[in-house]
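Everything below concerns the one structure shown next.
Note on naming: letters A, B, ... go to the chains in the order of the sequence lines (proteins, then strands), and numbering restarts at 1 for each one.
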Amino acid sequence: MAWSREEMAARAAKELKDGFYVNLGIGIPTLVSNFIPEGISVALQSENGMMGMGPFPYEGEEDPDLINAGKQTVTELPITSYFSSADSFAMIRGGHIDLSILGAMQVSQNGDLANWMIPGKMVKGMGGAMDLVAGVKKVVVVMEHEAKGESKLLKRCTLPLTGAGVVDMVITDLGVFEIDRSGKNPMKLIELAPDITEDELRSKTEADYVSAL
Amino acid sequence: MAWSREEMAARAAKELKDGFYVNLGIGIPTLVSNFIPEGISVALQSENGMMGMGPFPYEGEEDPDLINAGKQTVTELPITSYFSSADSFAMIRGGHIDLSILGAMQVSQNGDLANWMIPGKMVKGMGGAMDLVAGVKKVVVVMEHEAKGESKLLKRCTLPLTGAGVVDMVITDLGVFEIDRSGKNPMKLIELAPDITEDELRSKTEADYVSAL
Amino acid sequence: MGSPSSRKVYKDAKSALAGILKDDMVIMAGGFGLCGVTETLVEAIREAGVKGLTVISNNAGVDGIHLGKLLETRQIRKMISSYVGENKIFAQQYLAGELELEFNPQGTLAERIRAGGAGIPAFYTATGYGTVIGEGKDVKEFPGSPRFAGRKYIMETGLWADVALVHAWKGDTEGNLIYRKTARNFNPMMATAATVTIAEVEHLFPAGELEPDQIHTPGIYVKRIVHTPDAPKRIENRTTRPHPTPSH
Amino acid sequence: MGSPSSRKVYKDAKSALAGILKDDMVIMAGGFGLCGVTETLVEAIREAGVKGLTVISNNAGVDGIHLGKLLETRQIRKMISSYVGENKIFAQQYLAGELELEFNPQGTLAERIRAGGAGIPAFYTATGYGTVIGEGKDVKEFPGSPRFAGRKYIMETGLWADVALVHAWKGDTEGNLIYRKTARNFNPMMATAATVTIAEVEHLFPAGELEPDQIHTPGIYVKRIVHTPDAPKRIENRTTRPHPTPSH
């Protein structure tokens with residue numbers, strides 16, 4: 001049985017380590033904050049200029065000056081600090097964030113990532129995604145394995161890239177893959193969702209990988 | 001009669017305009033703050049991270065956390081702000097300071113400035129001088145016209161440069177010169193100290209200049 | 001040695017913009033989404049009617065709000081942004097070829113603005129290398145650097161505007177500014193990177209009332225300041241959690 | 001979602017440096033003159049006895065104080081600084097060829113440190129062009145830039161250290177820091193540009209006591225923190241004016 005969105009988020013949460021500073025993208029990655037393991041505490045960065053992002057506010061306590069990168073109202077915590085966009089991306093570009101978890105349209109077996117534009121469609125922009133994948137120490141992609149019956153894990157991305165050779169791990173609804181950014185080792189399957197067979201996975205995956213189950 | 005140090009500082013103070021943000025070097029330039037004309041107010045920057053530098057503190061009120069670029073104890077004013085060295089030199093390099101007044105060992109007729117090292121002697125370092133002359137909108141040098149009987153206003157500096165083509169005006173004890181940084185126009189004498197003749201000045205000046213008296 | 005700073009204070013947005021606006025100029029506008037934007041100054045630009053503007057702003061406003069107003073009136077010729085999602089008029093004009101658009105990665109945009117203000121004509125970044133953003137740009141490697149060896153970097157250039165519009169929480173008559181929470185965003189860099197920076201502030205104080213260690217933007221960067229205590233603050237994406245059930 | 005931050009707090013300078021120091025490492029030391037320096041951490045490095053250090057610091061201390069201590073014990077092999085005036089031992093060792101010295105213009109030094117911390121391997125500046133500082137460096141022009149055309153710029157590279165030592169006025173257990181007056185100077189950039197940043201703070205608070213808008217250095221940059229309420233603060237150049245004569 002394929003993993004649900006919540007199960008994918010929970011699996012991604014296992015990549016968190018105590019004391020990590022983490023940036024979570026929009027969508028399934030946002031759910032990861034609901035699955036932070038017991039005894040582990042992490043600080044969430046919001047690239048619009050906040051470290052130590054708290055949960056959504058109670059109704060009536062929204063502050064228009066306090067939003068996350070998805071423009072949602074959020075709250076602050078005892079550890080919180082604010083800074084400018086230049087300082088925020090200095091933090092990201094400078095390699096200070098431990099982990100970024102984000103969604104994708106396509107990932108290639110060498111870690112290329114496409115998640116910002118589809119030629120011919122109106123493009124909204126890359127926002128901070130290119131900076132995050134280029135700068136953060138470890139990049140984990142969480143996405144559906146297929147879209148409209150087509151594999152999203154490819155030998156080569158067909159969509160314009162967000163970053164080249166930037167992904168360290170891909171968590172789909174069918175399994176978990178590790179990618180060696182240096183390109184020295186092939187992409188590696190390290191986990192399967194329950195009741196998914198290796199044959200089924202391989203048939204739904206265009207990318208080459210080796211099994212390390 | 002040649003100008004005294006105080007008279008040179010007073011002449012330099014005439015370059016101040018109301019609302020200017022100014023950086024003053026060590027020595028005679030520091031004296032300029034005693035001659036700010038009536039009705040004119042300026043803010044003094046100290047490149048170690050302060051805008052709006054106040055006078056020296058009263059005895060007993062020195063604060064070790066509040067010093068100027070000469071490491072002297074100073075005070076703050078109602079307009080004061082503090083910032084990091086990176087932000088301070090962003091301000092300087094970015095062309096936001098209106099005027100820098102500083103001393104020199106040599107100035108050439110095209111605006112080259114030498115004030116930081118004498119080969120063979122122990123060099124203390126350029127500190128912020130190279131940044132100031134490269135970044136500030138207008139650079140005024142205040143210096144003695146001669147050192148040990150040798151002109152300090154030269155065709156070409158013989159000492160290692162602090163900046164190339166960076167000086168806009170030179171005020172010596174004998175007169176005042178304007179320099180066109182673009183090099184399109186020759187250096188121009190615009191004032192003489194009292195009782196100094198043009199002949200005397202020319203005999204004491206190695207640099208070429210035209211008189212605009 | 002004080003600064004005669006009350007002359008920086010203008011009575012309203014219109015007078016703060018007087019003598020500055022002209023067609024085809026480059027404007028930086030602070031804010032992220034609708035957070036920390038200069039609603040009042042943008043409204044005054046709409047009323048002034050200048051056209052052909054190049055606007056550097058992370059986003060393009062929302063239909064009818066902030067930069068959305070200048071899109072409605074077709075005053076904007078070109079946007080330099082990282083994300084322009086929430087704007088139907090934008091999409092229409094762009095798809096009709098009436099609006100030019102230059103996408104920058106958000107961090108590259110922020111740094112290009114900081115660089116412009118800091119006198120840095122260009123810098124290198126790994127962001128965008130290997131993507132369309134890197135196409136045609138200088139590429140450099142730094143094999144001698146223990147920190148930066150082993151990757152490729154593209155050159156990005158500093159930005160500068162004719163006018164920067166910034167929103168601050170507190171300001172004083174000297175132009176010193178303090179921002180609040182995530183309304184800080186692009187405002188501090190933009191304040192440094194324009195020929196004329198105009199600030200609209202929620203609270204205006206005499207010089208000396210703001211703690212000098214807490215000032216985010218020194219007054220040297222701010223040429224004009226206008227007090228806008230009643231400017232609307234909008235929430236783009238109101239998200240809440242339920243109140244906890246009281247325990248008995 | 002808090003951070004288990006009290007583990008960042010070390011009981012003294014010696015334990016804060018434990019397991020980090022090694023010969024030939026690169027250390028950044030904050031401060032301008034003797035203002036905002038990490039006297040306690042430097043004393044602990046002297047006691048640890050590591051040698052062959054490269055020290056990036058605007059100044060080199062004073063005889064017997066701050067980095068002057070590490071010069072006495074010949075622990076420093078190389079200094080990267082902008083001004084080293086007040087130090088006789090420095091001059092002796094340098095003239096004897098026992099000490100390497102790399103001068104950087106002060107603003108270039110500050111920006112190189114910021115760049116290193118910000119993931120920027122190199123940037124261009126007009127500072128030093130046409131001087132010995134520019135010799136051998138890449139030169140570039142930007143003729144297409146309205147702001148930067150017409151001058152020549154040299155390329156300077158980002159700096160990174162194994163350890164950064166920073167002094168702050170207030171810190172919390174999460175590592176958030178607030179500096180005081182001109183004791184800020186090089187400390188904020190250095191905090192961002194090292195594998196391990198260690199802060200000594202005059203006042204240590206539990207997380208939540210510092211106002212988030214006023215924090216100069218976010219805790220993410222600070223790996224270790226030590227409370228040094230009794231560290232000496234020295235004045236290098238005490239300069240005063242006479243008290244005004246009381247009027248009767």
Side-chain angles (χ1 to χ4, degrees), chain B residues 46-50 53 55-76 80 82-95 112-114 116-117 122-135 160-166 182, chain D residues 32-36 58-59 81-86 90-91 94-95 101 103-111 113-115 125-134 147 150-152 169 179-189 216 232-244:
Chain B
S46 189
E47 65 264 30
N48 54 319
M50 179 182 196
M53 185 169 52
F56 298 135
Y58 295 126
E59 224 180 286
E61 296 179 8
E62 307 91 331
D63 182 341
D65 289 339
L66 183 38
I67 64 172
N68 66 17
K71 285 133 192 167
Q72 297 171 310
T73 43
V74 294
T75 55
E76 67 185 33
T80 298
Y82 299 106
F83 31 82
S84 72
S85 300
D87 287 344
S88 181
F89 284 94
M91 192 182 279
I92 290 167
R93 194 189 310 103
D112 293 352
L113 167 69
W116 79 284
M117 73 176 284
M122 178 65 196
V123 184
K124 292 184 173 187
M126 71 291 282
M130 285 191 181
D131 310 277
L132 283 160
V133 300
L161 297 187
T162 306
V166 294
S182 75
Chain D
F32 180 89
L34 299 181
C35 181
N58 189 58
N59 312 98
S81 304
S82 88
Y83 191 83
V84 295
E86 273 63 64
F90 189 102
Y94 177 69
L95 294 173
L101 175 56
F103 276 128
N104 280 198
Q106 193 174 149
T108 295
L109 180 62
E111 190 65 17
I113 298 165
R114 183 200 175 269
T125 173
T127 301
Y129 174 77
T131 77
V132 294
I133 292 301
R147 179 71 177 170
R151 297 185 74 180
K152 289 179 177 166
W169 181 38
Y179 308 96
R180 185 168 177 273
K181 304 191 189 286
T182 57
R184 192 183 313 185
N185 57 64
F186 280 82
N187 287 296
M189 300 86 75
H216 297 128
K233 285 192 188 181
R234 294 189 179 84
I235 292 176
E236 207 164 332
N237 198 345
R238 188 178 301 272
T239 316
T240 60
R241 61 185 155 144
H243 278 278

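A distance-only check finds no donor-acceptor pair linking the side chain of D:Asn185 to the backbone of B:Gly49 [under 3.5 Å]. Between the side chain of B:Asp65 and the main chain of D:Lys181, no donor-acceptor pair closer than 3.5 Å is present. Formation of a donor-acceptor pair under 3.5 Å by the D:Asn237 side chain with backbone atoms of B:Gly70 is found in this model.
For D:Asn104, the part lying near chain B is the backbone, with the side chain staying farther off; criterion is any non-hydrogen pair under 4.5 Å. For D:Tyr94, the part lying under 4.5 angstrom from a heavy atom of chain B is the side chain only. Of the atoms belonging to B:Leu66, heavy atoms from both backbone and side chain fall under 4.5 Å from chain D. Only the backbone of B:Asn68 comes within contact range of chain D, with at least one heavy atom under 4.5 Å from a heavy atom of that chain. Of the atoms belonging to B:Thr162, it is backbone heavy atoms, and not side-chain ones, that fall under 4.5 Å from chain D. In this structure, the portion of D:Pro188 lying under 4.5 Å from any heavy atom of chain B is its side chain and not its backbone. With a 4.5 angstrom heavy-atom cutoff, B:Val74 does not touch chain D via any of its atoms. Heavy atoms of D:Arg151 lying under 4.5 Å from chain B belong exclusively to its side chain. When heavy atoms are compared at a cutoff of 4.5 Å, D:Tyr129 approaches chain B solely by way of its backbone atoms N, CA, C and O.
Pairing each heavy atom of B:Ala164 with each of D:Gly130, the nearest pair is CB-CA, 4.2 Å. Annotation for B:Gly94 and D:Arg147: closest pair O-NH2, 2.8 Å, computed over non-hydrogen atoms. The two atoms that bring B:Ile67 and D:Thr182 nearest to each other are N-OG1, 3.0 Å, heavy atoms only.
Taking chain D as the reference chain and counting heavy-atom pairs below 4.5 Å, the highest number among B:Ala69, B:Gly127, B:Ser182, B:Gly163 is found for B:Gly127. Among B:Thr80, B:Val123, B:Thr75, the residue making the largest number of heavy-atom pairs under 4.5 Å with chain D is B:Val123. Between chain D and the residues B:Ala134, B:Gly60, B:Ser85, the most heavy-atom pairs under 4.5 angstrom are made by B:Ser85. Listed options B:Ser46, B:Gly128, B:Ala90 were ranked by heavy-atom pairs under 4.5 angstrom with chain D; first place goes to B:Gly128. Options B:Met50, B:Arg93, B:Met117 differ in how many heavy-atom pairs under 4.5 Å they form with chain D, and the most are formed by B:Arg93. Of the listed residues (B:Lys124, B:Glu47, B:Glu61), the one with the most heavy-atom contacts under 4.5 Å to chain D is B:Lys124.
Residue B:Ser84 holds its OG atom at 5.0 Å from CE of D:Met189, rounded to the nearest 0.5 Å. Distance check: B:Phe89 CZ to D:Arg114 CZ gives 15.5 Å after rounding to the nearest 0.5 Å. Note: B:Leu132 CG to D:Thr127 OG1 = 9.0 Å, rounded to the nearest 0.5 Å. Distance CD/D:Gln106 to CD1/B:Ile92: 8.0 Å, rounded to 0.5 Å. For the atom pair CD (B:Gln72) and OG1 (D:Thr240), the distance works out to 10.5 Å, reported to the nearest 0.5 Å.
Between D:His243 and B:Tyr58, the ring planes are parallel. Angles under 30° get that label, and only those over 60° would be called perpendicular.
Within the 4.5 Å cutoff, the side chain of D:Tyr83 has heavy atoms near those of the B:Lys71 side chain. At least one side-chain heavy atom of D:Phe103 sits under 4.5 Å from a side-chain heavy atom of B:Met126. In this structure the side chain of D:Phe90 reaches within 4.5 angstrom of the side chain of B:Met122, judged on heavy atoms.
Checking D:His216, D:Arg184, D:Arg180 one by one against B:Tyr82, the side chain to side chain contact (heavy atoms under 4.5 Å, CB included) holds for a single residue, D:Arg184.
When the side chain to side chain donor-acceptor pair (under 3.5 Å) test is applied to D:Glu236, no partner is found at least two apart in sequence or on another chain.
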